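Only one structure is covered here, and it is reproduced in the block below.
Since the structure is predicted, the reported quantities are computational estimates derived from the model, not experimental observations. Whatever order the structure lists ligands and atoms in, that order sets their numbers, starting from 1. Numbers for residues simply follow the sequence, beginning at 1.
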Amino acid sequence: MLKDNFETVEKNVATACKRAGRDRSEVTLIAVSKTKPVEMLREVYDAGARDFGENKVQEICEKYDQLPSDIKWHMIGHLQRNKVKQVIDKAALIHSVDSYRLAQEISVQAQKKGLTIPILVEVNIAGEESKFGISAEDTIQLVEEISVLPNLKIQGLMTIAPYVVDAEENRLYFRQIKQLSVDIKNKNIDNVSMDILSMGMTGDYEVAIEEGATMVRVGTGIFGARNYNTKER
Ligand SMILES: *Cc1c(COP(=O)(O)O)cnc(C)c1O
């Protein structure tokens, strides 16, 4: 059943790419597996998924040890500075950098381990109070500040669009963040590429792909609804 879900989402991704005149290889589908048990991840892995998204450090660490090593783990949740050192050698990409202080801690820990860590800067594109992320206005300055830190590489931007019933309502936000990434790219800042745009979730990933997403993060559409009543979180 999870295999069917994954294949349906995969097909929708391919169709959206086609509609937008993009190659399927331009978009990475991340299976967002937070709160889900490893057996379910294994099913989706067997269906072909190799990119998994988690929002808690402890959960990445536990699942990392139990699942195949060719999985790329994406840290997509708010990251506390005191947990950076546990996750930096496990996450293939940290999507949720939204402050200089967090970037600085990642840089310090990366230097200790002799790693260069790819990161995205999280932008709160709709300015929602309930969400993490830096405002669109402050993004360029933050990118410039972070770009000089050693052992880090800014590879793009990430956003969590508002929860909407009609995905079309988010099209404007996706366009705005795409434009912001183009503006940053045009500044040619050393050590900054804008190759990645992580946007689009179960409700709106197809629209996000049409507007330039290179990574979509799909949880519910693959794994089903999450149950938050357990002590997992
Ligand atoms: C949970 C989560 C998702 C997946 O959301 P769905 O609506 O279940 O697809 C995507 N991105 C982030 C940052 C999340 O925390």
Side-chain angles (χ1 to χ4, degrees), residues 1-2 4-13 16 27-37 40-41 43-44 47 49-60 63 71-80 83 87 90-99 102 118-134 139 155-171 173-174 177 196-230 232-233:
M1 182 200 111
L2 293 186
D4 296 337
N5 291 350
F6 180 73
E7 283 169 1
T8 300
V9 173
E10 172 52 47
K11 204 172 87 214
N12 293 341
V13 168
V27 179
T28 302
L29 169 57
I30 300 171
V32 176
S33 47
K34 62 194 188 198
T35 78
K36 301 295 179 184
M40 288 177 78
L41 276 71
E43 247 182 277
V44 175
R50 291 297 178 271
D51 290 84
F52 287 83
E54 291 284 343
N55 68 343
K56 291 225 178 325
V57 167
Q58 195 191 338
E59 224 174 317
I60 290 198
K63 290 173 175 173
I71 289 178
K72 288 193 182 130
W73 294 98
H74 295 260
M75 177 59 196
I76 61 175
H78 183 64
L79 179 55
Q80 286 167 311
K83 303 217 167 129
V87 84
K90 299 191 174 67
L93 181 63
I94 299 173
H95 292 231
S96 45
V97 176
D98 63 355
S99 73
L102 174 59
I119 62 166
L120 306 180
V121 169
E122 179 174 355
V123 182
N124 184 351
I125 195 70
E128 292 175 284
E129 257 177 48
S130 59
K131 297 219 164 99
F132 291 106
I134 180 125
T139 302
Q155 297 201 322
L157 304 178
M158 179 272 231
T159 200
I160 304 174
Y163 178 77
V164 290
V165 176
D166 177 5
E168 285 298 328
E169 290 177 43
N170 280 337
R171 190 179 292 277
Y173 291 125
F174 294 144
I177 193 162
I196 298 177
L197 199 46
S198 169
M199 61 183 190
M201 316 191 345
T202 295
D204 55 20
Y205 63 92
E206 291 160 285
V207 174
I209 289 169
E210 289 168 14
E211 297 302 331
T214 71
M215 288 186 172
V216 292
R217 311 177 307 264
V218 179
T220 313
I222 296 172
F223 290 97
R226 286 175 293 273
N227 180 2
Y228 285 118
N229 293 329
T230 61
E232 271 275 293
R233 39 175 304 160

Within a radius of less than 6.0 Å around CD of Glu7, do more than 12 heavy atoms belonging to other residues, nucleotides or ligands occur? yes
Parallel under 30°, tilted from 30 to 60°, perpendicular over 60°: which one fits the rings of Phe52 and Trp73? tilted
The one among Arg217, Lys34, Met75 that brings a heavy atom closest to atom 11 (N) of ligand 1: Arg217
Please state which protein non-hydrogen atom is closest to atom 5 (O) of ligand 1 and give its distance, to 0.1 Å? Met201 CE, 3.5 Å
Which atoms of ligand 1 have any heavy atom of Val218 under 4.0 Å away? 9 (O)
Is there any N or O on Gly219 that sits under 3.5 Å from an N or O of ligand 1? yes
Would Thr202 count as being in polar contact with ligand 1, using the rule that some N or O on each side must be under 3.5 angstrom apart? yes
Between Arg171 and Glu210, is there a side-chain N and carboxylate O pair less than 4.0 Å apart? yes
Sidechain N-carboxylate O distance under 4.0 Å for Lys56, Glu59: no
Answer yes or no: is there a side-chain heavy-atom contact under 4.5 Å between Leu93 and Ile196? yes
Around atom 12 (C) of ligand 1, find the nearest protein heavy atom and jot down its residue, atom name and distance. Ile76 CD1, 3.5 Å
Looking at ligand 1, is there an atom of it that comes within less than 4.0 Å of some heavy atom belonging to Arg226? yes
Taking Asn170 for the side chain and Pro162 for the main chain, is one N or O donor matched with an acceptor at less than 3.5 Å? yes
With atoms numbered from 1 as shown, which atoms in ligand 1 lie under 4.0 angstrom from a non-hydrogen atom of Thr220? 6 (P), 7 (O), 8 (O), 9 (O)
